Amino acid sequence: MSESQLWDAVDDYFTAQLSPDDEALEAALRDSEAAGLPSIAVTAPQGKFLHLLALVQGARTILEIGTLGGYSTIWLGRALPADGRLVSLEYNPRNAEVATRNLARAGLDKIVEVRVGAALDTLPQLADENPAPFDLVFIDADKANNPRYVEWALRLTRAGSLIVVDNVVRGGQVADPDSTAPDVRGTREAVELIGSHPRLDGTAIQTVGSKGYDGFALARVLA
């Protein structure tokens with residue numbers, strides 16, 4: 001068994017025991033694939049991790065940057081109370097259309113709003129609405145803009161809020177200071193921003209699994 005096959009087997013075991021997909025989640029993945037969306041959604045264990053993180057946080061409001069087909073959005077939305085709110089920002093109108101259907105089928109259309117457009121355009125619009133601070137922000141969009149997304153997350157949160165940045169390992173390239181790849185540079189800048197900002201306290205974790213060698217950063221907003 002190869003290393004990647006072993007990672008898949010372990011993920012399959014954890015999924016079966018701890019985070020089995022139900023019909024709404026399975027349909028979200030199935031319809032996303034049928035619509036030609038890239039197969040880059042979080043895994044079931046990762047989705048369950050986000051769900052539990054939101055529950056532990058006691059989140060009532062969540063901001064997601066990068067909806068794709070709504071798979072992670074369903075996991076996060078299910079952690080909210082009936083009067084909670086989740087705003088998810090998606091650049092691609094086709095992705096947003098698929099996600100909206102998936103969220104409605106999961107019964108989350110009353111508390112989840114998908115907004116279409118470049119996040120760096122829709123985030124200022126959201127800020128202009130003066131929303132209640134978000135308790136949790138999940139960043140999983142174009143990696144070159146990660147530092148800008150972290151900055152916006154800071155503006156839209158409060159002391160005690162959590163910020164999660166996905167896919168920070170970049171196959172190990174994040175450790176290369178000479179990389180010119182926009183996704184690596186953007187991720188390094190975001191990690192360094194978390195490490196240096198006086199209002200953030202964070203860490204980053206390397207992971208392996210069905211999505212290969214990856215990882216995420218987690219930061220808590222300070223007073």
Side-chain angles (χ1 to χ4, degrees), residues 1-19 21 29 32-33 36-54 63-69 71-73 75-76 89-92 95 118-120 136-154 162-197 199-221:
M1 182 181 292
S2 69
E3 193 172 61
S4 62
Q5 288 173 325
L6 180 60
W7 295 346
D8 286 344
V10 172
D11 254 9
D12 289 344
Y13 170 73
F14 285 153
T15 297
Q17 298 300 318
L18 303 171
S19 51
D21 282 346
L29 292 176
S32 295
E33 181 180 8
L37 274 60
S39 181
I40 55 174
V42 300
T43 64
Q46 292 167 344
K48 184 65 174 292
F49 172 79
L50 291 171
H51 176 82
L52 290 172
L53 193 64
L63 172 63
E64 179 181 52
I65 303 176
T67 317
L68 195 63
Y71 183 77
S72 59
T73 322
W75 278 110
L76 288 166
L89 309 180
E90 173 54 45
Y91 173 77
N92 189 305
N95 294 357
L120 292 181
L136 187 151
V137 180
F138 178 48
I139 299 172
D140 190 13
D142 56 307
K143 312 309 175 186
N145 282 313
N146 272 342
R148 262 60 68 189
Y149 296 148
V150 172
E151 290 168 350
W152 273 106
L154 263 174
L162 297 180
I163 300 171
V164 182
V165 186
D166 202 11
N167 309 126
V168 297
V169 171
R170 315 310 304 159
Q173 295 180 66
V174 71
D176 181 5
D178 298 321
S179 175
T180 59
D183 61 325
V184 176
R185 292 176 62 89
T187 300
R188 284 177 60 89
E189 289 177 27
V191 171
E192 290 161 13
L193 175 61
I194 291 171
S196 63
H197 200 287
R199 291 189 58 223
L200 289 174
D201 186 19
T203 189
I205 300 294
Q206 302 180 76
T207 63
V208 296
S210 296
K211 297 298 181 181
Y213 177 37
D214 208 337
F216 62 90
L218 173 65
R220 185 172 185 267
V221 180

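These numbers come from a predicted model, not from an experiment.
- To the nearest 0.5 Å, atom CG of residue Leu154 and atom CZ of residue Arg199 are 5.0 Å apart.
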Quick one: do Tyr13 and Val10 satisfy side chain to side chain contact (heavy atoms under 4.5 Å, CB included)? Show the steps, please. CA-CA 5 Å; Tyr13 170 73; Val10 172; 5.7 Å; no
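- Under a 3.5 Å cut-off, the side chain of Lys48 and the backbone N or O of Trp75 do not form any donor-acceptor pair.
- We find the OH-OG distance between Tyr213 and Ser4 to be 15.5 Å, quoted to the nearest 0.5 Å.
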Go through the steps to decide whether Thr43 and Thr15 satisfy the test side chain to side chain contact (heavy atoms under 4.5 Å, CB included), and finish with yes or no. CA-CA 9 Å; Thr43 64; Thr15 297; over 6 Å; no
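- Pairing each heavy atom of Pro147 with each of Ala190, the nearest pair is N-CB, 3.9 Å.
- Here the closest heavy-atom approach between residue Ala54 and residue Leu76 is recorded as CB-CD2, 4.5 Å.
- When every heavy atom of Ala219 is checked against every heavy atom of Ile194, the shortest pair comes out as CB-CG2, 3.9 Å.
- Atom-to-atom distance recorded for Asp178:CG and Gln173:CD is 12.0 Å, nearest 0.5 angstrom.
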May I have the step-by-step check of side chain to side chain contact (heavy atoms under 4.5 Å, CB included) for Asp176 and Val184, ending in yes or no? CA-CA 8 Å; Asp176 181 5; Val184 176; 5.6 Å; no
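- Summarising the local packing, CZ of Arg188 is surrounded by more than 12 heavy atoms from other residues, nucleotides or ligands at distances under 6.0 Å.
- Contact check for Leu120 versus Trp152: side-chain heavy atoms found under the 4.5 Å cut-off.
- Heavy atoms from other residues, nucleotides or ligands lying under 6.0 Å from CD of Glu33 number 12 at most.
- Minimum heavy-atom separation, Asp8 to Gly209: OD1-O, 4.2 Å.
- At least one side-chain heavy atom of Leu89 sits under 4.5 Å from a side-chain heavy atom of Leu63.
- Here Leu193 contributes atom CG and Asn146 contributes atom CG; the two are 10.5 Å apart, rounded to the nearest 0.5 Å.
- Ring orientation note: the planes of Phe49 and Phe216 are tilted relative to one another, at an angle of 30° to 60°.
- Nearest heavy-atom pair, Ile65 versus Ala119, reported as atom, atom and distance to 0.1 Å: CG2-CB, 3.8 Å.
- Here the side chains of Val168 and Val174 are not in contact, with every heavy-atom distance at 4.5 Å or above.
- Using a 4.5 Å heavy-atom threshold, the side chains of Ile163 and Leu200 count as touching.
- Asn167 places none of its side-chain heavy atoms less than 4.5 Å from the side chain of Asp183.
- Annotation: the span from Leu50 atom CG to Leu162 atom CG amounts to 11.0 Å, rounded to 0.5 Å.
- In this structure the side chain of Leu68 never reaches within 4.5 angstrom of the side chain of Ser32, judged on heavy atoms.
- Distance CD/Gln46 to OH/Tyr71: 9.5 Å, rounded to 0.5 Å.
- Residue Glu90 comes nearest to Asn95 through the heavy atom pair OE2-ND2, 3.1 Å, listed as atom of the first residue, atom of the second, then distance.
- The shortest side-chain heavy-atom distance between Arg170 and Arg185 does not fall under the 4.5 Å cut-off.
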Test side chain to side chain contact (heavy atoms under 4.5 Å, CB included) on Thr67 and Tyr91; report intermediate values, then the result. CA-CA 8 Å; Thr67 317; Tyr91 173 77; over 6 Å; no
